[in-house]
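Sequential numbering from 1 along the given sequence is applied to the chain's residues. Everything numeric in this text was worked out from a predicted model, so none of it was measured.
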Amino acid sequence: QVQLVESGGGLVQAGGSLRLSCAASAPTFMTYNMGWFRQAPGKQREFVAAINWYASTTWYADSVKGRFTISRDKGKITVYLQMDSLEPEDTAVYYCAAGPSGYSDASYYGADRYDHWGQGTQVTVSS
């Protein structure tokens with residue numbers, strides 16, 4: 001069964017950094033666009049960042065632009081989210097997602113574009 005497994009979450013003080021990783025279990029994901037979403041308590045799941053399958057294009061939510069960086073390794077089945085200058089508002093469960101490439105750039109901001117999801121990793125930023 002194809003799986004996405006996130007790691008790297010934890011507790012950090014405001015202004016600190018964390019690096020999340022998402023490992024895919026199958027080479028199939030080499031041709032998938034990959035994204036990160038997050039969900040805070042009592043709020044809807046929201047888009048954070050995404051990267052296309054050949055790592056030439058990235059997309060970011062305005063709230064994280066300039067602070068977070070998404071990347072993927074040369075084998076293209078591990079995706080990272082480097083989070084710097086963390087704020088308490090970044091506290092959430094972070095989910096990795098994979099979706100087939102070839103659709104409009106704008107569609108990758110929406111959760112519906114993604115077919116596969118990880119279980120999530122908790123990120124807590126203390127003030």
TODO: Rounded to the nearest 0.5 Å, what's the gap from CD1 on Ile51 to CH2 on Trp36? Could you check?
DONE: 12.0 Å
TODO: For the pair Ile70 and Gln82, evaluate side chain to side chain contact (heavy atoms under 4.5 Å, CB included) and give the outcome as yes or no after the intermediate values.
DONE: CA-CA 6 Å; Ile70 189 171; Gln82 177 67 41; over 6 Å; no
Task: Asp105 side, atom CG; Thr58 side, atom OG1 - distance, nearest 0.5 Å - done: 10.5 Å
Task: Asn33 side chain reached by Trp59 side chain, heavy atoms, under 4.5 Å - done: yes
- [ ] Measure the CD-OG distance between Gln119 and Ser7 for me, rounded to the nearest 0.5 Å.
- [x] 13.5 Å
- [ ] Test side chain to side chain contact (heavy atoms under 4.5 Å, CB included) on Leu20 and Val79 and set out the steps.
- [x] CA-CA 8 Å; Leu20 304 184; Val79 178; over 6 Å; no
- [ ] Any chance you could lay out the ring pair (Phe, Tyr, Trp, His ring centres under 6.0 Å) test for Tyr95 and Phe37, step after step, and finish with the verdict?
- [x] CA-CA 5 Å; Tyr95 297 91; Phe37 288 74; 8.8 Å; no
Task: Close side-chain approach of Met34 to Thr78, heavy-atom, < 4.5 Å - done: no
Open item on the list: For Tyr80, does the six-membered ring have the charged nitrogen or CZ of Arg19 within the cation-pi criterion, i.e. under 6.0 angstrom from the centroid and within 45° of the normal?
Closed with: yes
Open item on the list: I'd like to know if the side chain of Tyr94 and the backbone of Glu6 have a donor-acceptor N/O pair within less than 3.5 Å.
Closed with: no
Open item on the list: Does Tyr114 form a side chain to side chain contact (heavy atoms under 4.5 Å, CB included) with Asp112? I'd like the steps, not just the answer.
Closed with: CA-CA 5 Å; Tyr114 299 85; Asp112 290 348; over 6 Å; no
Task: Neighbour count >12 (heavy atoms, 6.0 Å) for atom NZ, Lys65 - done: yes
Task: Distance (rounded to the nearest 0.5 Å) between Gln13 CD and Leu86 CG - done: 11.5 Å
Task: Cluster check Val93, Phe47: I/L/V/M/F/W/Y, side chain < 4.5 angstrom - done: yes
Task: Atom pair CZ/CE of Arg72 and Met30 - distance to nearest 0.5 Å - done: 8.5 Å
Open item on the list: Less than 4.5 Å apart, side chain to side chain, heavy atoms only: is that true for Phe68 and Asp90?
Closed with: yes
Open item on the list: Within this structure, what is the CG-SG distance for the pair Leu4 and Cys22, rounded to the nearest 0.5 Å?
Closed with: 4.5 Å
Open item on the list: Side chains of Arg45 and Trp117, heavy atoms from C-beta outward: is any pair under 4.5 Å?
Closed with: yes
Task: Where Pro88 and Ser127 come nearest, the two heavy atoms and their spacing - done: CG-CB, 3.8 Å
Task: Steps toward ring pair (Phe, Tyr, Trp, His ring centres under 6.0 Å) verdict (Trp53, Phe29) - done: CA-CA 8 Å; Trp53 73 273; Phe29 288 105; over 10 Å; no
Open item on the list: Within the 3.5 Å criterion, strictly below it, is a donor on Asp84 or Ser17 matched to an acceptor on the partner's side chain?
Closed with: yes
Open item on the list: Is there a side-chain contact between Thr31 and Tyr54 in this structure, where contact means two heavy atoms from C-beta onward sitting under 4.5 Å apart?
Closed with: no
Task: Sidechain-backbone polar pair: Thr124 side chain, Leu11 backbone, donor-acceptor under 3.5 Å - done: no
- [ ] Check Ala49 against Leu81 and note the closest heavy-atom contact, atom names and distance.
- [x] CB-CD1, 4.2 Å
TODO: Would you check if Arg38 and Val123 make a side-chain contact, meaning some heavy-atom pair closer than 4.5 Å?
DONE: no
Open item on the list: Can you tell me if Glu46 has over 12 outside heavy atoms packed within less than 6.0 Å of its CD?
Closed with: yes
Open item on the list: Within the structure provided, determine whether Ser101 and Tyr32 are in side-chain contact (heavy-atom separation under 4.5 Å).
Closed with: no
Task: Side-chain H-bond candidate by donor/acceptor type, Glu87 with Ser85, under 3.5 Å - done: no
Task: Any donor-acceptor N or O pair under 3.5 Å, side chains Tyr108, Arg113 - done: no
